[in-house]
Amino acid sequence: AARVHAPVKEGRCVACHSPHASNRAGLLAQPAKRLCVTCHAGVLKDAALAHGHPPAAAGECAACHEPHQGAAAGLLKKKAAELCGGCHTALAQRVRDGAPHAPVAMGMCLACHASHGGTTAGMTRKDASALCRSCHGPTRPELAAKHPGMNLMAVSCVSCHDAHAQPKGGKALIRPAPHLPFVQGECASCHTARGSAALVEKPPELCFGCHEDVKARLAKAEVHEPLRSGKSCLACHSPHAGAAAPVLDRGGDALCLGCHDGKLAEGSVKHKALEQGCVTCHDAHSSDGTGLLKKPQAELCQTCHRDMSKHFHPTGGKAKDPRTGETLTCTGCHRPHASDQPSLLTHEPNRELCIQCHDPTMAPPPKK
């Protein structure tokens, strides 16, 4: 092939394979993770950085690379853009549907991103603004004219621009859900002067100047933790332009899954509500109940599951969960997101589910 792995080219098969026997597929002399790093030690170091590529960190070298020979540089199994798109499917679809950034259109993923790991988010080769400046010189008059008063050496370009693609018909890769003051050029609504990074007030007080309804909701019993953090509103919302309305930093459930474990939604049986997104059941800001639910659990479930005639087990009111002593709710028996059991049950329904609460040694009532 166009490229041959050095040990193969040199005929050193036993550098990787045992000639007689092995407990591993392909008669490998060592587990793949340890085998590859005997020569490629730098890959393991990169994968251990703050933003390591999961396949590299897991030692799954063969997920991306051919072990013997291949046509692509780095013995990649496919061209970089096609290979990356195999995992980053949502991004790949957005690129196909939209108008991509020139390097993205040319499949140059590795021009901006490291392949195994890095110190910056997204495994970019430099921090976002420095990376952009590699091509978009901040001293160019046309660029300065579009950003009056701004210090282009210090700004975060991705606060306004999408690094990968924009919807067809868009301009300057501006992200698709802009903040209204940004659209109207009213920089002084939030900043001390046009082009200045200084704010007239810190979030969330700055945001409450327009979004008074959100401020009132923060008096509820449970408040979403990001709102109590130093980032406050900016933990989820972008100040200038977002990926999705209302100025969200990421679209769909990707934003929620940036903090919350996606394994909750793994299972052969999935709650239909998941198809509509997390905010179908949860409030993004606050709630009077637990779990940031929009309504009390039983009421929330029954907005969709109105027919309870098949549920003979009592819930709510005086029905208590013996495991917790609290009122028994739907999630005493059902998982709210996904399960490997029918009807989203927490355990196998014929016996295992019942003995979570009921004594399995209990004798049946005497016959009359």
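Throughout, numbering of the chain's residues begins at 1 and tracks the sequence.
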**OP:** Return yes if some donor-acceptor pair links the side-chain N/O of His334 with the main-chain N/O of Ser343 below 3.5 Å, else return no.
**Re:** yes
Original post:
Mind checking whether His68 and His17 have parallel, tilted or perpendicular rings, split at 30° and 60°?
Top reply: parallel
Original post:
Once you round to the nearest 0.5 Å, how far does CD of Gln276 lie from CG of Asp253?
Top reply: 11.0 Å
Original post:
Counting only heavy atoms not in Glu10, do more than 12 sit closer than 6.0 Å to its CD atom?
Top reply: yes
Original post:
For Val104, does its backbone N or O pair with a side-chain atom of His164 as donor and acceptor, under 3.5 Å?
Top reply: no
Subject >> Side-chain donor-acceptor contact under 3.5 Å, Glu348 with Asn350 >> reply: yes
**OP:** Measure the spacing between NZ of Lys45 and NE2 of His116 and express it to the nearest 0.5 Å.
**Re:** 14.5 Å
**OP:** Take His271 and Leu344, measure what side-chain contact (heavy atoms from CB on, under 4.5 Å) needs, and give me the verdict at the end.
**Re:** CA-CA 7 Å; His271 196 181; Leu344 293 170; 3.8 Å; yes
**OP:** Report the distance from atom SG of Cys207 to atom NZ of Lys215, rounding to the nearest 0.5 Å.
**Re:** 12.0 Å
Original post:
Just checking, any donor-acceptor pair under 3.5 angstrom between side chains of Lys294 and Ser287?
Top reply: no
Original post:
Under 6.0 Å from the CG atom of Asp213, do we count more than 12 heavy atoms belonging to anything else shown?
Top reply: yes
Original post:
Is Arg217 salt-bridged to Asp283, going by a charged N under 4.0 Å from an acidic O?
Top reply: yes
Subject >> Check against side-chain contact (heavy atoms from CB on, under 4.5 Å), Ser129 and Ser156 >> reply: CA-CA 5 Å; Ser129 54; Ser156 172; 5.5 Å; no
Subject >> Glu222 side chain vs Leu292 backbone, donor-acceptor pair below 3.5 Å >> reply: yes
Original post:
Can any side-chain N or O of Gln166 pair as donor or acceptor with the backbone N or O of Gly170 at less than 3.5 Å?
Top reply: yes
**OP:** Using the side-chain contact (heavy atoms from CB on, under 4.5 Å) rule, take His101 and Asp162 through it: C-alpha gap first, then chi angles, then the decisive distance, then the call.
**Re:** CA-CA 8 Å; His101 191 189; Asp162 191 306; over 6 Å; no
Original post:
Do Leu44 and Leu49 belong together in a cluster built from hydrophobic side chains that touch within less than 4.5 Å?
Top reply: no
Original post:
Under a single-linkage definition using a 4.5 Å side-chain heavy-atom cutoff for Ile, Leu, Val, Met, Phe, Trp and Tyr, are Met150 and Leu143 assigned to the same hydrophobic cluster?
Top reply: yes
Subject >> Salt-bridge present (Asp249, Arg175; N to O < 4.0 Å) >> reply: yes
**OP:** Taking Arg24 for its side chain and Ala29 for its backbone only, find out whether a donor-acceptor pair lies under 3.5 Å.
**Re:** yes
Subject >> Sidechain-backbone polar pair: Lys33 side chain, Ala57 backbone, donor-acceptor under 3.5 Å >> reply: yes
Original post:
Atom CG of Leu248 and atom SG of Cys256: how far apart are they, to the nearest 0.5 Å?
Top reply: 8.5 Å
Original post:
Would a distance-only check, ignoring hydrogens and angles, find a side-chain to backbone donor-acceptor pair under 3.5 Å from His53 to Ser115?
Top reply: yes
Original post:
Side-chain contact, heavy-atom cut-off 4.5 Å: Leu28 with Leu35?
Top reply: yes
Original post:
What distance do Cys278 atom SG and Leu255 atom CG have between them, rounded to the nearest 0.5 Å?
Top reply: 9.0 Å
**OP:** Please round to the nearest 0.5 Å and tell me the distance separating atom NE2 of His224 and atom NE2 of His282.
**Re:** 10.0 Å
Original post:
So does Asp321 pair up with Arg323, basic N to acidic O under 4.0 Å?
Top reply: yes
Original post:
Sub-3.5 Å donor-acceptor pair from the side chain of His65 to the main-chain atoms of Lys77, do we have one?
Top reply: no
Subject >> Test item: Arg3 side-chain N/O and Gln69 main-chain N/O as donor-acceptor pair under 3.5 Å >> reply: no
**OP:** Taking atom types as modelled, find out whether Thr120 and Asp127 have a side-chain donor-acceptor pair closer than 3.5 angstrom.
**Re:** no
**OP:** Using modelled atom types only, decide if a donor and an acceptor are shared between the side chain of Glu186 and the backbone of Phe182 within a distance under 3.5 Å.
**Re:** no
Subject >> Gln297 versus Thr331, side-chain donor and acceptor atoms under 3.5 Å >> reply: yes
**OP:** Might you confirm whether atom NZ of Lys79 has over 12 heavy atoms from other residues, nucleotides or ligands at distances under 6.0 Å?
**Re:** no
Subject >> Donor + acceptor pair across side chains of His240, Ser159 (<3.5 Å) >> reply: yes
**OP:** Determine, step by step, whether Thr38 and Gln30 satisfy the side-chain contact (heavy atoms from CB on, under 4.5 Å) criterion, reporting the C-alpha distance in whole Å, the side-chain angles of both residues, the deciding distance to 0.1 Å, and the verdict.
**Re:** CA-CA 10 Å; Thr38 55; Gln30 299 182 66; 3.8 Å; yes
